[in-house]
J.: 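Below you'll find the structure I mean.
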Protein chains: 2
Amino acid sequence: MNIFIDYRSRVPIYEQIKKEIILAVSRGELKPEEQLPSLRALSAELSVNINTIKRSFSELEDEGIIYSVAGKGSFISDRAELDSYVEASLRSFSEAVKNAKKLGVDKEELATIIFNIYGDGSDKND
Amino acid sequence: MNIFIDYRSRVPIYEQIKKEIILAVSRGELKPEEQLPSLRALSAELSVNINTIKRSFSELEDEGIIYSVAGKGSFISDRAELDSYVEASLRSFSEAVKNAKKLGVDKEELATIIFNIYGDGSDKND
DNA sequence: TAACTGTGCTATCACAGATATTACAGTTAT
DNA sequence: ATAACTGTAATATCTGTGATAGCACAGTTA
């Protein structure tokens with residue numbers, strides 16, 4: 001599943017897992033109806049307690065990203081809507097911009113950072 | 001001191017206080033050698049325990065923003081360097097940009113947000 | 001001396017995250 | 001039916017952190 005947990009982060013593990021899955025769906029790596037690893041398998045793979053995995057999955061289910069069936073497994077939802085995550089991302093982006101502005105950062109500096117991360121228009125990543 | 005605490009926020013109170021003071025210094029509202037409210041005064045004004053205020057001040061002192069003298073009070077440091085805070089702000093900005101990119105947000109959309117927050121070049125705030 | 005300052009320490013409480021364990025119920029293949 | 005998987009649920013425990021309360025002590029100032 002290519003999920004990396006940063007134990008030093010203040011972000012809870014269950015949220016890190018949620019985010020990784022959401023991003024995988026966003027990238028198209030996880031497609032609708034595709035089966036996720038079982039709770040116990042992911043628990044073993046990540047060395048994270050099954051209850052923590054369960055929490056991630058339960059919240060993702062509440063948010064309509066996945067659905068789970070007892071006895072079968074967990075699957076990517078047919079129409080996994082990511083709009084709310086994009087909105088949340090834009091909100092935190094806005095907060096970051098406001099904070100930088102308050103600290104006197106020039107807007108051109110922010111533009112440059114975006115330019116560097118997105119690339120010059122070609123297909124470079126990260 | 002014009003410090004507003006959001007008790008619903010997940011950001012600890014002592015960090016909110018730190019941030020407010022740092023931003024006040026950044027805005028020039030708090031000038032070098034200017035005295036801060038006493039621990040007990042701020043504690044009473046904000047209805048926050050003195051230990052919590054103390055933690056904010058201690059960390060700010062560790063970070064070179066303020067200095068405290070027993071019996072006298074706490075003061076803005078002579079050369080309060082905010083560079084590390086600007087760097088931290090830019091780091092979190094970068095994270096926000098990367099996250100938005102991963103979610104497929106167009107870079108022009110981010111540029112628009114910056115444009116709206118910074119204004120069109122005139123002097124509007126927030 | 002009195003009234004302020006900051007400092008230090010201990011103790012307590014509440015909450016959240018994470019873990020461990022056990023048990024139960026649904027699905028699938030043999 | 002059985003075995004081996006799935007998810008679900010509940011309880012208990014441990015831990016770290018944030019926040020509070022209270023006390024004592026030391027430096028400063030008028």
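Residue numbers start from 1 in every chain, and the chains themselves are labelled A, B, ... in the order their sequence lines are given, proteins ahead of strands.
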J.: Between A:L23 and A:R27, is the side-chain contact (heavy atoms from CB on, under 4.5 Å) condition met? List the steps.
T.: CA-CA 6 Å; A:L23 289 178; A:R27 285 191 298 263; 3.9 Å; yes
J.: Would you please confirm or rule out a distance under 4.0 Å between OP1 or OP2 of C:dC4 and any side-chain N or O of B:S38?
T.: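 For C:dC4, neither OP1 nor OP2 has a side-chain N or O of B:S38 closer than 4.0 Å.
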J.: Give the rounded distance in Å between these two atoms: CD of B:Q16 and C1' of D:dA19.
T.: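 Computing the B:Q16:CD to D:dA19:C1' distance gives 13 Å.
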J.: Mind calculating the distance between OH (A:Y67) and P (D:dT8) to the nearest angstrom?
T.: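 These atoms are roughly 13 Å apart.
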J.: When the distance from CD of A:E59 to P of D:dT8 is rounded to whole Å, what number comes out?
T.: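 Taking CD of A:E59 and P of D:dT8, I get 14 Å after rounding.
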J.: Could you state the CZ-P distance from B:F75 to D:dG27, rounded to the nearest angstrom?
T.: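 So the CZ-P distance, B:F75 to D:dG27, works out to 17 Å.
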J.: Could you identify the nucleotide paired to C:dC15, looking across every strand shown and requiring Watson-Crick or G-U wobble geometry with both distances under 3.5 Å?
T.: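 D:dG16 is the nucleotide pairing with C:dC15.
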J.: For C:dA20 and A:N49 - does any side-chain N or O of the residue sit under 4.0 Å from the phosphate oxygens OP1/OP2?
T.: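 A:N49 to C:dA20 OP1/OP2: side-chain N or O found under 4.0 Å.
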J.: Can you list the residues that meet the side-chain hydrogen bond (donor to acceptor under 3.5 Å, both in side chains) rule with B:S56, with sequence neighbours excluded?
T.: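 B:S56 satisfies side-chain hydrogen bond (donor to acceptor under 3.5 Å, both in side chains) with no residue once adjacent residues are dropped.
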J.: Does the side chain of B:K54 get closer than 4.0 angstrom to OP1 or OP2 of C:dT7 through an N or O atom?
T.: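 Yes, within the criterion.
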J.: Closest approach to the side chain of A:N51, judged atom by atom: which nucleotide of D:dT20, C:dT21, D:dT8 is it?
T.: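 Shortest atom-to-atom distance from the side chain points to C:dT21.
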J.: Inspect the contact between A:K31 and A:E33 and indicate whether a charged nitrogen and a carboxylate oxygen are less than 4.0 angstrom apart.
T.: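 Not counted as a salt bridge, because no side-chain N and carboxylate O are separated by less than 4.0 Å.
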J.: About how many Å separate CG of A:L30 and CD1 of A:I22, when rounded to the nearest 0.5 Å?
T.: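 Here the rounded value is 11.0 Å.
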J.: Expressed in angstrom and rounded to an integer, what is the separation of A:L39 atom CG from C:dT21 atom P?
T.: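 From A:L39 CG to C:dT21 P: 18 Å.
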J.: For the pair made of NZ in A:K72 and P in D:dA4, what is the distance, rounded to whole Å?
T.: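 That distance rounds to 22 Å.
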J.: Using a heavy-atom cut-off of under 4.0 Å over every strand shown, decide if A:S58 touches base, sugar-phosphate, or nothing.
T.: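 Result for A:S58 = nothing.
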J.: Of A:K54, A:K19, A:K18, which meets salt bridge (Lys or Arg N to Asp or Glu O under 4.0 Å) against A:E59?
T.: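 Checked A:K54, A:K19, A:K18 against A:E59; only one passes salt bridge (Lys or Arg N to Asp or Glu O under 4.0 Å): A:K18.
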J.: With a 4.0 Å cut-off on heavy atoms, is B:T52 in touch with a base, just the backbone sugar-phosphate, or nothing at all?
T.: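 If one applies the 4.0 Å heavy-atom cut-off, B:T52 turns out to touch a base.
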J.: Could you write out each protein N or O paired with an N or O of nucleotides 15-18 of chain D at a distance under 3.5 Å?
T.:
| residue | atom | partner | partner atom | Å |
| --- | --- | --- | --- | --- |
| D:dG18 | OP1 | B:Y14 | OH | 3.3 |
| D:dG18 | OP2 | B:R55 | NH1 | 3.0 |
| D:dG18 | OP2 | B:R55 | NH2 | 3.0 |

J.: From CG of A:L36 over to C1' of D:dG7, roughly how many Å is that when rounded to an integer?
T.: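 It works out to 13 Å between those atoms.
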J.: Considering every strand and a 4.0 Å limit on heavy-atom distances, what is the contact class for B:E61: base, sugar-phosphate, or nothing?
T.: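 Sugar-phosphate, backbone atoms only, no base.
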J.: Return the 5'-most residue of the pair A:R40, A:Y7 with respect to DNA chain C, ranking by each residue's nearest nucleotide.
T.: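 Nearer the 5' end of the strand: A:Y7.
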J.: Quick one: do A:N99 and A:V105 satisfy side-chain contact (heavy atoms from CB on, under 4.5 Å)? Show the steps, please.
T.: CA-CA 9 Å; A:N99 190 259; A:V105 175; over 6 Å; no
J.: Could you give the CD1-to-P distance, from B:I53 to C:dG8, as a whole number of Å?
T.: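 Answer to the nearest Å: 17 Å.
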J.: For B:F93 and B:I114: C-alpha separation, side-chain torsions, deciding distance, then whether side-chain contact (heavy atoms from CB on, under 4.5 Å) applies.
T.: CA-CA 11 Å; B:F93 173 81; B:I114 294 179; 4.2 Å; yes
